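Just so we're clear, the structure is a prediction, and the values are computed from it rather than from any experiment. Just so you know, ligand 1 is whichever comes first in the structure, and atom 1 is the first atom listed for that ligand.
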Amino acid sequence: MADIHNQKIIILDFGSQTTQLIARRVREEKVYCEIHPFNVNIEKVKAASPMGIILSGGPASVYDHDAPAISSEIFELGVPVLGICYGMQLTCRMLGGTVERSDHREYGPARLAIRDNSVLFHGLSMAPDTHKVWMSHGDRIEELPEGFLITAESETCPVAAMRHSSRPIYGVQFHPEVVHTAIGSEIIANFLFRACGCEPSWTMHSFVETVTEEIRQKVGDGRVICALSGGVDSTVTALLINRAIGDRLTCIFVNNGLLRKNEAETVLSFLEQLKLNVQYVDAADRFLGLLDGISDPERKRKIIGEEFIHVFEEEANRIGEVDFLAQGTLYPDVIESVSFKGPSATIKSHHNVGGLPEIMKLELIEPLRELFKDEVRKVGEELGMPSDLIYRHPFPGPGLAIRTLGTITPERLDILREADAIVLEEMKASGWYARVWQSFAVLLPIQTVGVMGDERTYDHVVAFRCVDSLDAMTADWTRLPYELMARISNRIINEVRGVNRVCYDISSKPPATIEWE
Ligand code: XMP
């Protein structure tokens, strides 16, 4: 799509785990930004005409023989540069200063004393040791490059921040992007508004307006199809396109027989409420037939993904001439980042319908490519989506197939659906649903002995899992109140026939994953 951002910040990523956080902080200030790998072609940076450039932190030492570096032209563009941690050390070294190599890391909170509050620290107190900031570095700056001055220091770090005396080049040794740095958002705002001269104009409202217009131009008189799952990303994608071209968008909602209890009805009624043009396909028998006897998780995913493509193609053919395929791809999926990505991207094949655009030979429309998940939710609000839909937990494409461990039968799916519905009901009733990333039940492939009344039982085991997470890359199990766990367990055992035992999953990711398969 054409470049719609006349004011943008470019973040060059040196592999810090907090690079995405820098982007979030910039966008929270209503300024658009993009993350690029540190070795992006300098011509690409110039062509983007950024208002400012931020150099992220990273795990390397500037003295490593293969230390990531950038073109020195970055400092000659006349564009303000802010180096954070490794980004500051690199700036220092490239401009002629010296960095002291260290074998131990300073990690954790530090007290900062500001020495100069002209730009980056504008409006912040210069009283000694007032500001708590977060440090995470090994090497540190020993000698400033010519023309630079110290703008802040801490007890253990004499050059905690620096700036050039006349050029717009700044550096901070600590991390303004993390919440532990209380003055972090002021520092980032000062860089954006005072150093770079940006305006806070990137809002979800302006995004919706511009993207709607872009879609109109791109699609012309064409037709678009979109696979809807009832999740936030695909629904917001469809709503945006619908706003632009009305019912020349057809949404296809496939029931693969692996949805949660009442899911198809709930989603359809939502979509109807939103006045989308939806084609509903009940393909449950087809999917369940193919999955008969299959227990390997990757085989399940593959079968479901392939069958989805068949069903989708058949439905698309019914519509006639179609030119575009819309997808709800988000920014974290497209960033060519060198940052830690988490193990599960390669451990499970999450791409449910990978290959669909190539097979169908359709041009792609991905209106959410530039957004983070929380921004997608804001767009959803902007477009009038009901909050139940906006704040739904993520649900995997292969659905209950990967939560019914072992082989899948209609009976086992029914047991899982009932148990899962109780988990969700109780999570919502207690107010915990909105506080966690995901909550769900899993049916285990074993039976255990129990006693009900006077009788011995030999029945199924259900596990339930609730996790806290920011992006599903890492997660921790939610510390639910015992009373809530007890209620969920009692209800499942009493109300779901065939279950006599309930477990709560207390594994974090890593080393476990969120889903059990
Ligand atoms: P894991 O289990 O890898 O899951 O920790 C991370 C996130 O991805 C979801 N997930 C999937 N989503 N297709 C999807 O669309 C899949 O095959 C799939 N497997 C896991 C999971 O629910 C969690 O949010």
Honestly, is Arg392 close enough over Phe270, meaning NZ or CZ under 6.0 Å from the six-membered ring centre and within 45° of the axis? no
Please report whether ligand 1 has a polar contact with Phe395, defined as an N or O pair separated by less than 3.5 Å (distance criterion only). no
Under 4.0 Å to a heavy atom of Thr513 - the qualifying atoms of ligand 1, by number: 1 (P), 2 (O), 5 (O)
I want to check a possible cation-pi pair here: Lys428 against Tyr433, using under 6.0 Å from ring centre and within 45° of the ring axis as the test. yes
Answer yes or no on whether Arg465 is positioned over the face of Phe440, meaning its NZ or CZ is under 6.0 Å from the six-membered ring centre and within 45° of the axis. no
Give the atoms of ligand 1, by number and element, whose distance to some non-hydrogen atom of Lys509 is under 4.0 Å. 1 (P), 3 (O), 5 (O), 6 (C)
Proximal atoms of ligand 1 relative to Gly397 (non-hydrogen, under 4.0 Å): 13 (N), 14 (C), 15 (O)
Could you tell me whether His137 and Tyr86 have their ring centroids closer than 6.0 angstrom? no
For ligand 1, find out whether one of its N or O atoms is nearer than 3.5 Å to an N or O atom of Ala472. no
Within 4.0 Å of some non-hydrogen atom of Pro398, the atoms of ligand 1 are 13 (N), 16 (C), 17 (O)
For Leu258 and Leu288, what are the C-alpha separation, side-chain angles and deciding distance, and is it a side chain to side chain contact (heavy atoms under 4.5 Å, CB included)? CA-CA 8 Å; Leu258 302 162; Leu288 296 186; 3.9 Å; yes
